[in-house]
Each structure stands twice: as structure tokens, then as C-alpha cells.
Asker: 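I am attaching a structure below and will ask some questions about it afterwards.
The shown structure was predicted, so the numbers you read here are calculated from the model rather than taken from an experiment. Labels below follow one simple rule: chain letters A, B, ... track the order of the sequence lines, proteins then strands, and each chain is numbered from 1.
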Protein chains: 2
Amino acid sequence: MAELVIDRKKQIRQAAQNMFRSKGYGASSMRDLAKEVGIEAASLYNHVSNKEEILKDICFQIADEFFESIKDIEQTKGKAKQKLEKAIENHVMVIAKNIDASSVFFHEWKHLSEPDLTEFKQLRKQYEKSFLSLIEEGITQKQFRDANVKIAVFTIFSALNATYDLYKPNGKLTAKTIAKELSNIIINGLK
Amino acid sequence: MAELVIDRKKQIRQAAQNMFRSKGYGASSMRDLAKEVGIEAASLYNHVSNKEEILKDICFQIADEFFESIKDIEQTKGKAKQKLEKAIENHVMVIAKNIDASSVFFHEWKHLSEPDLTEFKQLRKQYEKSFLSLIEEGITQKQFRDANVKIAVFTIFSALNATYDLYKPNGKLTAKTIAKELSNIIINGLK
DNA sequence: CCTACCGATCGGTAGG
DNA sequence: CCTACCGATCGGTAGG
């Protein structure tokens, strides 16, 4: 019994990720979502308390995964360049493993309401700060040129976030290939 | 009289750009839009035939501006590197002059219905092709390393498209500064 | 440009 | 998990 409920929730979650990504949160109705899952709209509410909760779960779970992916890097001793390379690779991997969900994370978070909205923005800022620090470290260590750090961070993230458009699970480009080429372009771009 | 109508239409267009950007197309109602303009919802239909027409106008006008911005470059003789630099700068300038509209162009086009949707995608592909050619030209001319062209193009566009998040009309960063630093990172990244 | 209104659809609940 | 339903809001129209 318990397993069936859990499976249903996963099923709802997956259908929602896919629908939010392709149609956007606002244009995705609970009725369409229910149809995708194969139940009635009212039955969704046995598994989620409302529509926004689904969005919230997606956004914050991906945020968790991003944080998890750089947890070890910050403590490592080593050159900023290598650390940034590793951080980029890990970031791309998180996206590749969660293509639909990460697309929602990047574009649909603005439909969160308070206080989640503010918390989400803070988490994102905090995560970006790790990359900012790595770049500053790299400039201090003379591995990078004296670039505008703010622009550099924005460039990195927007480039990385193209991954979910570039990576197709059954396509020719592997996540590793994308990660390598992306970090290549970025690291060289900062030299 | 005619001027009043034109002004009203511009006013609607501007309010729509702003609202579509901040709330998304689906979450923007004609009633909210009317309130922003200071008229009743029904009165909007004296200036636009429906909601989607507003979106369509925004998307295709920005597409026009992007094409216009590279029109001269393709015919110029010169090094691919310089041409790409110029194309990047022009692209950033278009975004900077149309921050709200270009944000809508990048994120809300998916709410267009056929046949506009297909036409829009084709236009975008065609525009991207110009950049792809410039990169290939640069590789042939040995100004760029033998990068994965597809990934490179994606990286360029996603980096460039961060401009509308980075550029604030009254902020410290000028469009020129952003354009220069961005083309710096990208051009170096391809070496 | 407005008042008055339409049919459709929305997120969500009651009650079983 | 379903049927039946709620109040609210949607895009859009008629008619002036």
C-alpha cells in the first residue's frame, strides 16, 4: 500500500516536471496533470496539498542537489582553476541528471509565493557566491586575468544552464563531453 | 486622434512586455494589463485583436532587430574573429535597448500557437546559423581552436542572453562594458 | 472607451 | 480514488 502511494507521488512529480517545463507553470492545469497520470484531478490532492507545493518541491530539491555537488570542493586545497573546473563539471552533471526539473528550477521559480520565493532567491545567491569566490581566488592566484567578476559569474551560469537545452539523454553529446567543452571555453575565457 | 490611438497601443505594448517578463505570459491577465494602462479590459480589444497578438508582436519585432543587427556583418570582408566580436556587441546592444521585450522573446515564445510557433523557431535557427558560420570560419582561419561548434554556439547565446539580467538601465554596468567583457570571455574561450 | 455579460476553465473541497 | 460541485477568474464579445 505505502509503496503504491509513493509511486503515485513520483509519477505526479515526473509528469509535473515535464509539463511545467514544456508549457510553463501557469499554463499547466491540475486537470491536464491528472490526465497525464491517469487519475481524476481531485485525486491529485490525496498526494499533494496544492499545485504550488509541487513546484516548491521541484525547485528546492534541485537547489539541494546543486549545493551537494559543490560541498566537497570548497574545503579542498588546490588551485582555484582546478576547483572551478570541478564545480562546473558537477553543476552540469546535476542538470544532465535532472533535465526537466532543472529547467523548471531555472524558469518557473518566479511563480513561488512568499516566503518560499525569498528563501529560494537567497539559496541561489548563496550558491552563486561559491563560484564568485573561486573566480576571485583564481584572479588573486594569477591563474585568471583581472576580469569583471560579476559578469564572469553571470556568463558561467548562463552558459552552464544551456545544458538542459543541449543535452538529450539519447543524443550524441554526452554530459561529460558537454561539461568538458563548457569548462574549456569558460576557463580559457578567463585567462 | 490617430496619435492618441498609437500612443495607447505603445502603452499597452510596454505594459505587456513588463508584465509578461515579470509574471510570465500565462499568469498575465488582460484585466491586469488593462488596469496597468488605466482602462477597462474590454477596451484593450480596440487596440489589439487578442492576447496572443501582443506576444506575437513582441517576439517577431525583436527577431527583426536581431537580424537587422547582423545584416551588414555577413557581407563585410575581414577576419572571422572581428566579425564575431562585432556580432556579439550588436546582439548585446539589441538586448540592452529592449530589456523587457528581449526577456519575453527568450522565455515566452513557447506560448505562441501555430503557425507562428514554427515560423518563430525557424527565424531563431536561421539567426543562430550566422553565428555558427562565423565560428566555423574562425576555425578554418585558425583564429579559433577546433572546438565543438554546436556547444560553442549554445554557449555564446546563453551567455549573451544573460545580458537582460545583468544590465540595469540606471546601474553601474553600461551595455558597452557588458558587451566588451562578454566578447572577451567568449573570444578567448574559443582560442 | 464603457457596461454588461458569455461560456470555459481554473484550483480546490465535501463527502463518500 | 471518484462524483459532484464551489466561487473565482479567464479571454473575449455585443451593443452602445
Side-chain angles (χ1 to χ4, degrees), chain A residues 1-59 104 108-117, chain B residues 1-59 104 108-117:
Chain A
M1 272 302 164
E3 286 140 28
L4 260 174
V5 174
I6 289 174
D7 276 351
R8 201 50 117 186
K9 190 154 190 179
K10 271 190 192 168
Q11 209 181 341
I12 292 170
R13 165 72 184 267
Q14 226 144 36
Q17 285 169 5
N18 193 270
M19 192 172 287
F20 291 173
R21 179 189 179 181
S22 58
K23 301 207 283 188
Y25 177 75
S28 302
S29 77
M30 293 299 268
R31 279 160 178 82
D32 286 346
L33 183 57
K35 199 176 289 171
E36 202 70 40
V37 176
I39 57 177
E40 290 300 315
S43 305
L44 287 173
Y45 293 88
N46 284 297
H47 303 97
V48 297
S49 49
N50 53 53
K51 187 182 172 188
E52 195 178 319
E53 192 197 67
I54 307 177
L55 178 64
K56 182 181 163 183
D57 280 353
I58 297 171
C59 291
V104 173
E108 308 299 330
W109 59 268
K110 64 181 160 203
H111 294 107
L112 291 169
S113 52
E114 300 295 357
D116 297 325
L117 184 61
Chain B
M1 271 303 164
E3 287 138 27
L4 261 175
V5 174
I6 290 173
D7 276 350
R8 200 52 116 186
K9 191 155 188 177
K10 271 190 192 168
Q11 210 181 339
I12 292 169
R13 164 73 184 266
Q14 226 144 36
Q17 284 170 8
N18 193 270
M19 192 172 287
F20 291 173
R21 179 188 179 182
S22 58
K23 300 207 284 188
Y25 178 75
S28 303
S29 77
M30 293 299 266
R31 280 161 179 80
D32 286 345
L33 182 57
K35 200 176 287 171
E36 203 69 39
V37 176
I39 58 177
E40 290 300 315
S43 305
L44 286 173
Y45 293 88
N46 284 297
H47 303 97
V48 296
S49 49
N50 52 56
K51 186 183 172 188
E52 195 178 320
E53 192 196 67
I54 307 177
L55 177 64
K56 183 182 164 183
D57 281 352
I58 296 171
C59 290
V104 172
E108 307 300 328
W109 58 268
K110 65 181 161 202
H111 294 107
L112 291 169
S113 51
E114 298 296 357
D116 297 324
L117 184 61

Asker: Which nucleotide sits closest to the side chain of A:A42: C:dG12, C:dT13, D:dG12?
Answerer: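 Ranking C:dG12, C:dT13, D:dG12 by closest atom to the A:A42 side chain puts C:dT13 first.
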
Asker: Any strand is fair game: report the nucleotide pairing with D:dG15 by Watson-Crick or G-U wobble, both distances under 3.5 Å, or none.
Answerer: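 When the pairing criteria are applied, C:dC2 turns out to be the nucleotide that pairs with D:dG15.
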
Asker: To the nearest Å, how far apart are B:D32 CG and D:dA8 P?
Answerer: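 So the CG-P distance, B:D32 to D:dA8, works out to 17 Å.
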
Asker: Crowded around B:E53 CD? As in, over 12 foreign heavy atoms under 6.0 Å?
Answerer: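 Enclosed.
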
Asker: Using a 6.0 Å cut-off, check whether atom NZ of A:K56 has over 12 heavy atoms from anything other than its own residue.
Answerer: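 Check fails, neighbour count at 12 or below.
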
Asker: Using whole Å, what does the distance between atom C1' of nucleotide D:dT3 and atom CD1 of A:I39 come to?
Answerer: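 Those two atoms, CD1 and C1', are 14 Å apart.
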
Asker: What nucleotide, of D:dG12, C:dC1, C:dG11, holds the atom closest to the side chain of B:N50?
Answerer: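 Looking only at heavy atoms from C-beta outward on B:N50, the closest nucleotide is D:dG12.
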
Asker: Scan residues 15-29 of chain B against DNA chain C and write down, sorted by residue number, each residue with any heavy atom closer than 4.0 Å; if none is found, say none.
Answerer: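 Output list: empty, so none.
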
Asker: What is the separation between atom CD on B:E52 and atom C1' on D:dC10, rounded to the nearest whole Å?
Answerer: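 Result: 15 Å.
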
Asker: Give none if D:dT9 has no partner; otherwise give the nucleotide forming a Watson-Crick or G-U wobble pair with it, both distances under 3.5 Å.
Answerer: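 Paired with C:dA8.
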
Asker: Give every residue pair that meets the salt bridge (Lys or Arg N to Asp or Glu O under 4.0 Å) criterion with at least one member in residues 33-43 of chain A, sequence neighbours excluded.
Answerer: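 Listed by first then second residue: nothing to list.
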
Asker: Let me know the distance between CZ of A:R8 and C1' of D:dC2, rounded to the nearest Å.
Answerer: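 Whole-Å distance recorded here is 13 Å.
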
Asker: Measure from CZ on B:R31 to C1' on C:dC6 and round the result to the nearest Å.
Answerer: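 Result: 11 Å.
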
Asker: Nearest 0.5 Å please: distance from the CD1 atom of A:I12 over to the CG atom of A:D57.
Answerer: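 Rounded to the nearest 0.5 Å, the CD1-CG separation comes out at 11.0 Å.
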
Asker: Which nucleotide in the list C:dG11, D:dC1, D:dG12 gets nearest to the side chain of A:N46?
Answerer: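 The answer is D:dC1, which lies nearest to the side chain.
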
Asker: How long is the line joining OH of B:Y45 and P of C:dC6, in whole Å?
Answerer: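 Rounding to the nearest Å, OH of B:Y45 and P of C:dC6 are 17 Å apart.
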
Asker: Between atom NZ in A:K35 and atom P in D:dC1, what is the gap in whole Å?
Answerer: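 One finds 17 Å between P of D:dC1 and NZ of A:K35, rounded.
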
Asker: A:E40 CD to C:dG12 P: how many Å, rounded?
Answerer: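 Roughly 17 Å, once rounded to whole Å.
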
Asker: For the CD atom on B:E52, are there more than 12 heavy atoms of other groups (residues, nucleotides or ligands in this structure) within a distance under 6.0 Å?
Answerer: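 Buried by this count: over 12 neighbours within 6.0 Å.
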
Asker: Show the nearest heavy-atom pair for residues A:Q17 and A:V104, with the distance to one decimal.
Answerer: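 The pair with the smallest heavy-atom distance is O-CG2, 3.6 Å.
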
Asker: When you measure from the centre of the six-membered ring of A:Y25, is the NZ or CZ of A:K110 closer than 6.0 Å and no more than 45° off the axis?
Answerer: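 Cation-pi check for A:K110 and A:Y25: fails.
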
